[in-house]
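Lettering of chains follows the sequences in order, A, B, ..., and the numbering in each one begins at 1.
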Amino acid sequence: MKHFFKQLYKNQVGFIGFCLCVFVCSLALFAPILKTHGPNKQNIRDRFEGPSTEHILGTDNFGRDLFSRVLYGYRTSLGVALISVSIATLIGSLIGLTSAYFGGFIDRFLMRFMDILLAFPIILLAIAIIAVLGSSSVNTAFAIAIVYTPIFARLSRGPALSLLSWDYVTAARALGASGSRIMFKHVTPNILAPILVQVTLSLSTAILVEASLSFLGLGTQPPTPSLGLMLSDSRDYMLLSPWVSLFSGLAILLASLGFNLFGDGLRDLLDPTLKNL
Amino acid sequence: MTNYIIKRIADLVFVLFGVSVLVFFMLRFIPGDAVEIMLGANVDISVERVEALRRQLGLDLPIHEQYGQWFLGLLRGDLGTSIWTGQPVATEIMARLPITLEVTLLALAFSLLVSFPIGILAASARGTWGDTIVRIISIIGLTLPSFWVGVLLLYVVSVRFPSFPAIGFVPFLEDPWGNLSRLSLPVLAVSLPIIASLSRILRSSLLEVMNADYIRTAKSKGLSARTLLYKHALRNALIPVLTIIGVQMGYLLSGVVIIEQVFAIPGLGRLIIGAISERNYPLVQGTILVVTLFFVVVNLLVDLAYAWIDPRVEYS
């Protein structure tokens, strides 16, 4: 672990990403302590204010404190991203491992189904799922989870398939290890590295997808603070006060950028064949 | 090669069939009675109207017959009827499709045009400050929310150049200048992430090719760096760029769907968002089907072009 952080520190891009992730996650985690005002507390007299000591990032059209709203917005967006990517990772890798282990008809059936899901453009599939289930942050998380599942299924199936032909797996099988023991004890640890990289990169894009859906009015619903929704609403009064548009989008960018840089750094560290790419 | 094409087209037919099944069953996954939800529960609507719509959507038939009828309709280009306007869904989509296509293709062309010089420059200046700056900017570009860029561009333009026609849409044939100036900001906004990833891929694939043996041989022949780069390296380096264009089209389409909301462009994006808020499900289904069909076909063409350009690809 210590060695890992030393390596990460040397990989500047990855380290900057890691720091950004820690920063953004602690903002979300400690939002109740860090907030300077209630995220939904209106104060009409103070509306459209620019950044000041009282309101660090200014206020919106209802005089709500933007800094506090960004903190709670991070809670929503990181929460949705974490839940959806966790579900996708779990179910996707299970599908990939099952496919690789059984092969034959099961493999073809599962992978074809994944191909069909992959045929949709990401946002469009998410929009379709939300059109069916209705708009809410829970359904957004569910939609993103479905959209990302085939990525993890594909990602885990390939390496798992090649690992299954290795001698150590054959040896384990000869010793009478059960199928689930082979898959989870012998194969899974060896495919964790690419999955971990993909989890980090997926978090980065999931944050963008959540923000896009909320921006379209299909994701998180008011009054829950959501970065995409804040950006969307801010367009109505942009000419009076551009601060909300500027900072809410910047907040989305920072979170997504952090996970992307971190994932990039992780890939350099964990997968030496991809160096310099 | 012919076998490869046939196999790919067979795959495509299968995937499209699967897509049609999923899109068809969308309506059946809606919690509650789809027809009542579509007509709105709070409005006083006669039982006859509900039953008429149920019949019109074919929801009174057994499920396999429903799908059969719907699928036969698809083959004839019949995507159903928009429940509020009474117009064929296909007509409504065809009216909007060219607009979304224009934005998408303009953005693709613009991205290619800009990312090439950037990628080549970064690769030939490897390890210098210029290269580092391009790398950092391109990573930021990858995660840049295009709708945010759109909003900011709109703000800057409306404050600085209030007379610039920034939103809305006029057909190209009616007013070419008006068309292009209105589309310039949305195209710029959706292009930035694509430019970032294309130039990044071009840079890394150029660097990889430049390490290849045949380049070393060419270098030892005494060829200039210019000839090496443009005559020998660039062609091979383009292959990875080509392969990701298919994937990029997916991002681009998604980006365009969202950016249409920012700039009030009446394309498929606005159509589908409007259809969702009106619970006009046949229109939602049709739009998703058409855009996905387009995306799948583009991906097939990219794959075929890739196999055609690079003889090393195995057609298995």
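Taking every heavy atom of both residues into account, A:R235 and B:Q261 meet most closely at NH1-O, 3.4 Å. Looking at every heavy atom in both residues, A:S204 comes nearest to B:T143 through OG-CG2, 3.7 Å. Shown here for B:Y155 and A:P242, the closest heavy-atom pair between the two residues is OH-CG, 3.3 Å.
For chain B, the nearby parts of A:I127 are the backbone and the side chain; heavy atoms of each come within less than 4.5 Å. Residue contact with chain A, scored on non-hydrogen atoms closer than 4.5 Å, involves the backbone and the side chain of B:L144 alike. Contact of B:V151 with chain A is made through backbone and side chain together, with heavy-atom distances under 4.5 Å. Heavy atoms of A:L118 lying under 4.5 Å from chain B belong exclusively to its backbone. Both the backbone and the side chain of B:I288 come within contact range of chain A, each with at least one heavy atom under 4.5 Å from a heavy atom of that chain. Of the two parts of B:L16, neither the backbone nor the side chain holds a non-hydrogen atom closer than 4.5 Å to a non-hydrogen atom of chain A.
Using a 4.5 Å heavy-atom cutoff, the side chains of A:R112 and B:D11 are in contact. Contact of the B:S254 side chain with the A:L124 side chain is not registered, since no non-hydrogen atoms from C-beta on lie closer than 4.5 Å. In this structure, the side chains of A:I252 and B:W148 stay at 4.5 Å or more apart for every pair of heavy atoms. Counting only heavy atoms from C-beta outward, the side chains of A:I116 and B:F14 approach each other to under 4.5 Å. Residues A:L117 and B:L22 are in side-chain contact: their nearest non-hydrogen atoms beyond the backbone lie under 4.5 Å apart.
Between chain A and the residues B:I201, B:V257, B:V262, the largest count of heavy-atom pairs under 4.5 Å involves B:V262. Among A:A126, A:S248, A:S245, the residue making the largest number of heavy-atom pairs under 4.5 Å with chain B is A:S245. Chain B forms more heavy-atom pairs under 4.5 Å with one residue of A:I207, A:I130, A:L231, A:N260 than with any other, namely A:L231. By number of non-hydrogen pairs under 4.5 angstrom with chain A, the leading residue of B:G18, B:G250, B:A275 is B:G18. If you tally non-hydrogen atom pairs under 4.5 Å between each of A:L246, A:I122, A:I16 and chain B, the highest count goes to A:L246. With chain A as the partner, the residue from B:I272, B:V21, B:I273, B:V159 showing the most heavy-atom pairs under 4.5 Å is B:I273. Contacts with chain B were tallied for A:S234, A:A255, A:G249; A:G249 has the most, counting heavy-atom pairs under 4.5 Å.
Residues of residues 211-225 of chain A placed with any heavy atom under 4.5 Å of a heavy atom in chain B are listed by number as A:A211, A:S212, A:F215, A:L216, A:L218.
Annotation: A:W243, atom CH2; neighbour count of heavy atoms from other residues, nucleotides and ligands within 6.0 Å does not exceed 12. By the neighbour-count criterion of 12 heavy atoms within 6.0 Å, atom OH of A:Y72 is densely surrounded, having more than that number from other residues, nucleotides or ligands. When the shell of 6.0 Å around CZ of A:F113 is examined, it contains 12 or fewer heavy atoms from other residues, nucleotides or ligands. Residue A:F67 places its CZ atom among more than 12 non-hydrogen atoms of other residues, nucleotides or ligands, all under 6.0 Å distant. Atom CZ of B:F164 has more than 12 neighbouring heavy atoms from other residues, nucleotides or ligands inside a 6.0 Å radius.
The distance from the CD1 atom of B:I276 to the OG atom of A:S135 is 7.5 Å, given to the nearest 0.5 Å. Summarising the geometry, atom CD1 belonging to B:I258 is positioned 4.0 Å from atom CD1 belonging to A:I123; distances are rounded to the nearest 0.5 Å.
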